[in-house]
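Take a look at the structure set out below.
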Amino acid sequence: MTTAYDTKLGLYIAGEWLSGDGRDTRDVLNPATGSGQAALPLANAADLDRALEATQRGFVTWRATPPEKRAAILVRTAQLLRERGDHIARIATLEQGKIQAEAKGEVAFAAALLDFHAAEAQRIYGRVLPRPSGSRSLVLHQPVGPVAAFCAWNFPIMNVVRKIAPAVAAGCTIIIKPSEETAGSAVEVMRCFQDAGLPGDVAQCVFGVPDMVSRHLLASPITRKLSFTGSVPVGKALMKLAADTMMRTTMELGGHGPVLVFDDCDLDKTLDTLVAHKFRNAGQVCVAPTRFHVQDGIYDRFAKGFAERTRTLKIGDGMDAASQMGPMANARRPDAIAELVGDATGHGAKLLAGGDYGGGAGGGGGGFFFQPTVLGDVPLSARAMNEEPFGPLALLSRFGSDEEAIAEANRLPFGLAAYCFTENGRRQNLLGDAIEAGMIAINNVRLSYPDSPFGGVKESGHGSEDGPEGIAAHLVTKAVHIS
């Protein structure tokens, strides 16, 4: 299925759109076909210097802008995002691969984030401490300063809004570097901010060679905060760069989501919920359920039902309304999943569904397709049980006792998301306390809400996005004592 990729790509610096004239470019590919569809201009050092100067200049005026004016711009951006939702969702599918229903849902969630942060911009409160008459002690929360934000390709609409909205609400300026693989979505989101009236010096968008851009922005004394969404190794490297200027950091890194399924769960409902959620966005989700630890008494029925449901999924171009899972986002991912499958089966795992390239009607046209795959009785020695697969791969294993399940959930150094399915209320409370993760879903799979903090613990990062905590991460605390 062929659909034109009709967005004009460029860098957005100091309120201007800059073309590729005289700059290096990179092709943006369609993952359903593997073909190029646009040329993306890449920032050079002079571009980055101009962006830094603009964000420093913009911070002086934006931090003094009344909260209600900041809020009005965010609300208008949300309106434009909804009005242009079909177009923006289409761009996301053409460059990232996810099915249209998921892309449209991403637009809706991004707009809800903007509405939430617009309201929170007007609720940045301090406090007055009790002192003798004639004295005052004030606690103020003020914007930290210019932000450098880097975000991943898996949610190309929402990730951009998740970075910009809380920074702008708090009174910060921001330079954002989205993924070069999904540039069109970011550009369209930036146009919504621009058309809503956000000054060009407040939020800017650059693309480039990631290592060069990150080193340049983080070495500058202008940058006062780093916000990053991506892999654990890259996050650690960026934190080392950020340490040189002691800048604030929010790190939303990878995970390896454990799913604890107990024998008292509603089995059919649990299976219907988990299969759909596992293969959302072709499994390319940091909070994806990945390691399915199932109690002995229901393991065989769970494995059979999971594999049967997986085999019925229709895989194809995300623009095809009949597709239930699209391609992976880039050429690297299918090979990575194939290696993990081969390693796991070599260690004794049982292939229950999928396991190969392609994936139905859409998989034969040269795109980056890999079948939704289920492996049973996967041993802990398999790489996939220890490394984040980040793809359409479900790993099934057995457990006996509650203690065994909790120990396995906490075994890895990751702690982003975890899922539990049980009807026992006492066990639900125990799991909520004992599992080491920043977010836990019990008898459901939703973890993202505009008013709820989103973030992990251990090597999955620190700090939170969304909720009041998302804006608080862009504020510094100041005590003022007056006599």
Side-chain angles (χ1 to χ4, degrees), residues 74 78 81 98 102 105-121 123 144 147 149-170 172 174 176 178-179 185 189 225-232 234-235 238-239 248-259 277 280-281 283-290 388 390 409 414-420 432 435-442 444-475:
L74 292 176
L81 204 61
K98 65 180 63 184
E102 292 176 3
E106 189 178 337
V107 172
F109 185 77
L113 280 176
L114 286 160
D115 285 337
F116 176 81
H117 288 306
E120 285 297 300
R123 290 194 284 266
V144 64
V147 178
F150 305 85
C151 51
W153 43 258
N154 57 337
F155 289 94
I157 304 163
M158 183 269 291
N159 279 338
V160 173
V161 170
R162 181 172 262 168
K163 298 298 184 191
I164 297 177
V168 167
C172 296
I174 183 169
I176 189 166
S179 170
S185 302
V189 170
K225 176 181 168 65
L226 160 66
S227 181
F228 174 70
T229 298
S231 70
V232 174
V234 174
L238 292 178
M239 281 191 68
R248 292 272 294 275
T249 57
T250 296
M251 311 298 288
E252 197 271 279
L253 307 181
H256 203 309
V259 186
H277 200 63
R280 177 175 67 111
N281 202 18
Q284 300 165 125
V285 182
C286 57
V287 296
T290 301
E388 182 181 25
F390 214 68
F414 310 109
L416 188 58
Y419 304 86
C420 310
I435 293 178
E436 298 169 350
M439 297 169 286
I440 301 173
I442 298 178
N444 72 91
V445 290
R446 183 170 180 182
L447 295 168
S448 293
Y449 295 86
D451 61 353
S452 175
F454 188 98
V457 298
K458 300 197 291 188
E459 291 197 8
S460 289
H462 57 254
S464 296
E465 298 185 292
D466 306 346
E469 292 82 359
I471 292 184
H474 293 80
L475 301 171

- Without hydrogens or angle criteria, can the side chains of His462 and Thr249 be said to hold a donor-acceptor pair below 3.5 Å? yes
Under a 3.5 Å distance rule, please check whether [X] uses its side chain to pair with a backbone N or O of [Y] as donor and acceptor.
X	Y	value
Asn281	Asn154	yes
Ser185	Pro156	no
Glu106	Ile157	yes
Lys225	Ala473	yes
Arg248	Thr250	no

Shortest non-hydrogen separation from [X] to [Y] and the atoms involved:
X	Y	result
Asn159	Ala152	ND2-O, 3.3 Å
Ser460	Gly415	OG-N, 2.8 Å
Gly254	Phe414	O-CD2, 4.1 Å
Pro450	Ala112	CG-CB, 3.8 Å
Cys286	Phe390	N-CE1, 3.6 Å
Ala165	His117	CB-CD2, 3.6 Å

[X] vs [Y] side-chain heavy atoms within contact, under 4.5 Å:
X	Y	value
Leu226	Phe150	yes
Thr229	Phe155	no
Leu475	Val144	no
Ile176	Pro178	yes

- Worked check of side chain to side chain contact (heavy atoms under 4.5 Å, CB included) between Leu253 and Glu459: CA-CA 7 Å; Leu253 307 181; Glu459 291 197 8; over 6 Å; no
- Going by the side chain to side chain contact (heavy atoms under 4.5 Å, CB included) test, name the single residue among Asn444, Thr290, Leu447, Ile440 that passes it with Tyr419.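 Per the side chain to side chain contact (heavy atoms under 4.5 Å, CB included) rule, the option paired with Tyr419 is Leu447, out of Asn444, Thr290, Leu447, Ile440.
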Gap separating the [atom1] atom of [X] from the [atom2] atom of [Y], nearest 0.5 angstrom:
X	Y	atom1	atom2	answer
Leu416	Met439	CG	CE	4.0 Å
Asp115	Glu120	CG	CD	12.5 Å
Leu113	Phe454	CG	CZ	10.5 Å
Ser227	Glu465	OG	CD	4.5 Å
Cys151	Met158	SG	CE	9.5 Å
Lys98	Gln284	NZ	CD	9.0 Å

- Query: Salt bridge check: are Glu102 and Arg280 linked by an N-O gap of less than 4.0 Å?
  - Reply: no
- Message: What verdict does the side chain to side chain contact (heavy atoms under 4.5 Å, CB included) test give for Asp451 and Asp466, after you've listed the backbone C-alpha separation in whole Å, the side-chain angles of each residue and the deciding distance to 0.1 Å?
- Response: CA-CA 6 Å; Asp451 61 353; Asp466 306 346; over 6 Å; no
